[in-house]
Amino acid sequence: MRRTVLKSLLATAVLAATAGLPAAQAADKEIVIGGSIPMSGVFAFAGIGIHAGIQDYVKMTNDAGGIEGHMLRYVPEDSAYKVDQSVAAFKKITSQNKVNFYYGDSTAFSKTINPELDRAGSMIMSGASFATELNDPQRFPYQFIAGPDYTQQFGILLRYIAQQKPGAKVAFVYSDTEFGRDPIESSRGVAKELGLNVAIEIMTPPGAVDVSTEMAKLRRARADYTIFHGYILGPIPEFISQSRQLGLQTQFMGTFWTMDNSTVMQMGEAAEGFMGVMPYNYYYDDSAPAPMLEKIRSMRTEYQNVPYIQGFLSAMLYAESARRTLAAGQEMSAANLKAALNSIENFDTGGLIGVPISIRGNTIPVGRIYRADVQAKRMVPASDWIVLE
């Protein structure tokens, strides 16, 4: 009888000691991606795409067995593209989950939350921002951009221009916002180094409707190329329409947030020949083998915008840095995850980007020039891939 009681007590003690293990082990075997995602508000068109891209990569990876025995778990909250809401989402998600990676919705959020990332030391972050300021490993050691920053995007455009027309006159047209002003000062120097002449700089309100005054200045400058930055769509169509009415011969170009295929095609006939820089292949691209794009097309048969590709690639890079950290038997700390990310060299994205990529500092300094073909309703390549050193 005494032996039976002892056995019973021992069994109860063992059960009590091990009751929490399965849940704890399950948590330890997870890789958690949190996100302040703008599913509503002015940036919802991007947020919905970003959300779907991260979601699809997580599903694809888990269906294939996860990473080094760990499953991915994605925990998003709608930020409505508001900094206070983004910060609240971050605090909620990180207080309830052991987060390894985080996706932020804006430059303002990335800067605001940076001290929290430094203090936590447990996660790394990317996001929707391509701000040049974030490309500083000293100030933002646990952040990165899944593409070229805005200054690098200008650099890619300017290198293309210098190849096409040495000594060309260039106009910079940008919005009176932090976003718009970001690459302008540094790009003056890049243009000079490349032997280009910045003929004029024109700054407009972000929602400008009447651009007749600015158009008169642009006409007098007679630039060979005009680069827009700090806009998504308006007032670009107005500039193009008026320039054609005036017979102005300038090649209009844009940066990432203008360059989604669906955005450009909203310009209608004005879009014909519009060019710009894009760090990714478009959803429909089949000009070269792209197994990852084929998987995406099999999962989603309708066109997915470039924010989708950016979200998908961000999740891919999270997973790769986790894989390298775990394979090395290291702790999943922010320092180790970022070091693993920066060890990426000549990495094949499966065709999301048309050349193997390397992580330089906090960015991927690569892009390609595309041109709008309105009849085909597609952006088509106008250059090879341009990689900045």
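No hydrogens, no waters, no symmetry mates; every other heavy atom, side chains included, goes into these values. Bear in mind the structure is a predicted one, so any value in this text is a computation, not a measurement. Positions are given from 1, in the same order as the sequence printed here.
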Student: Take E133 and R139 through the salt bridge (charged side-chain N to carboxylate O under 4.0 Å, His left out) test and state the conclusion after the steps.
Tutor: CA-CA 9 Å; E133 188 177 355; R139 289 182 58 209; 3.0 Å; yes

Student: When you measure from the side chain of N281 to the backbone of G351, do you find a donor-acceptor pair of N or O atoms at a distance under 3.5 Å?
Tutor: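 Between the backbone of G351 and the side chain of N281 there is a qualifying donor-acceptor contact (under 3.5 Å).
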
Student: Please round to the nearest 0.5 Å and tell me the distance separating atom OH of Y283 and atom CG of D260.
Tutor: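 Reported to 0.5 Å precision, the distance equals 13.0 Å.
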
Student: Between T151 and S186, do the side chains contain an N or O donor and an N or O acceptor separated by less than 3.5 Å?
Tutor: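 On atom types as modelled, these side chains qualify, holding a pair under 3.5 Å.
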
Student: Check whether R368 reaches the backbone of I386 with its side chain - one donor and one acceptor, N or O, closer than 3.5 Å.
Tutor: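 Not a single qualifying donor-acceptor pair exists.
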
Student: Keeping the roles fixed (side chain from D78, backbone from M39), state whether a donor-acceptor pair exists under 3.5 Å.
Tutor: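 Looks like yes, one N/O pair under 3.5 Å.
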
Student: Any side-chain to backbone donor/acceptor pair from Q164 onto I161? Under 3.5 Å, distance only.
Tutor: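 Pair absent, no side-chain N/O of Q164 close to backbone of I161.
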
Student: Can you tell me if CZ on R300 sees more than 12 non-hydrogen neighbours from other groups inside 6.0 Å?
Tutor: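 More than 12 within 6.0 Å, yes.
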
Student: Could you walk me through whether E178 and K111 pass side chain to side chain contact (heavy atoms under 4.5 Å, CB included), step by step?
Tutor: CA-CA 13 Å; E178 183 181 18; K111 290 162 66 174; 2.8 Å; yes

Student: Has S358 got a side-chain atom pairing as donor or acceptor with E345's backbone, closer than 3.5 angstrom?
Tutor: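 Not at all, since once roles are kept as given, no pair shorter than 3.5 Å links the two residues.
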
Student: Counting only N and O atoms by type, is there a donor-acceptor contact under 3.5 Å from the side chain of Q153 to the main-chain atoms of P148?
Tutor: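 Yes.
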
Student: Do S86 and Y81 get their side chains close enough for a donor-acceptor pair, meaning under 3.5 Å?
Tutor: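 Result is no, nothing qualifies.
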
Student: Would you check if N114 and L134 make a side-chain contact, meaning some heavy-atom pair closer than 4.5 Å?
Tutor: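 In short, these two side chains do not touch, never coming nearer than 4.5 Å.
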
Student: Among all residues two or more places apart in sequence or in another chain, which pass the salt bridge (Lys or Arg N to Asp or Glu O under 4.0 Å) test with R181?
Tutor: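 Listed in chain order: D176.
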
Student: Salt bridge (charged side-chain N to carboxylate O under 4.0 Å, His left out) between K217 and E214: does it pass, once the steps are laid out?
Tutor: CA-CA 5 Å; K217 295 175 184 176; E214 289 81 4; 5.7 Å; no

Student: Just how far is it from atom NE2 of H229 to atom CE of M253, taken to the nearest 0.5 Å?
Tutor: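 Result: 14.5 Å between the selected atoms.
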
Student: Looking just at side-chain N and O atoms, do T132 and N135 make a donor-acceptor pair shorter than 3.5 Å?
Tutor: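 Their side chains do not contain a donor-acceptor pair, so the 3.5 Å distance test is not met.
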
Student: Do the charged groups of K92 and E77 touch, with an N to O distance under 4.0 Å?
Tutor: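 Salt bridge: yes.
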
Student: Looking only at atom types and distance, does a side-chain atom of S175 sit under 3.5 Å from a main-chain N or O of P206, one as donor and one as acceptor?
Tutor: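 Side chain of S175 to backbone of P206, a donor-acceptor pair under 3.5 Å: no, none is there.
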
Student: Measuring from F140:CZ to I145:CD1, what's the distance to the nearest 0.5 Å?
Tutor: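 Spacing of CZ (F140) from CD1 (I145) equals 9.5 Å.
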
Student: Using ring centroids (six-membered ring only for Trp), state whether Y57 and F312 fall under 6.0 Å.
Tutor: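 They qualify: ring centres under 6.0 Å apart.
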
Student: Does a salt bridge link D224 with K165, judged by any charged N lying under 4.0 Å from a carboxylate O?
Tutor: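 Salt bridge present between D224 and K165.
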
Student: From I54 CD1 over to F101 CZ, what is the distance, rounded to the nearest 0.5 angstrom?
Tutor: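 So the gap between those two atoms works out to 12.0 Å.
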
Student: Between S129 and T107, do the side chains contain a donor N or O and an acceptor N or O under 3.5 Å apart?
Tutor: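 A pair is found: one side chain offers a donor N or O, the other an acceptor, under 3.5 Å apart.
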
Student: Are the side chains of T204 and Y174 in contact, using a 4.5 Å heavy-atom criterion?
Tutor: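 Heavy-atom side-chain distance check fails, nothing below 4.5 Å.
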
Student: Do the side chain of N261 and the main chain of M379 share a donor and acceptor less than 3.5 angstrom apart?
Tutor: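 Indeed, once roles are kept as given, a pair shorter than 3.5 Å links the two residues.
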
Student: Tell me the ring-ring contact (aromatic ring centres under 6.0 Å, His included) pairs involving residues 330-380, sequence neighbours left out?
Tutor: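 Only Y282-Y370 qualify under ring-ring contact (aromatic ring centres under 6.0 Å, His included).
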
Student: Is the shortest side-chain N to carboxylate O distance from E320 to R323 below 4.0 Å?
Tutor: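 Yes, charged N to carboxylate O under 4.0 Å.
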
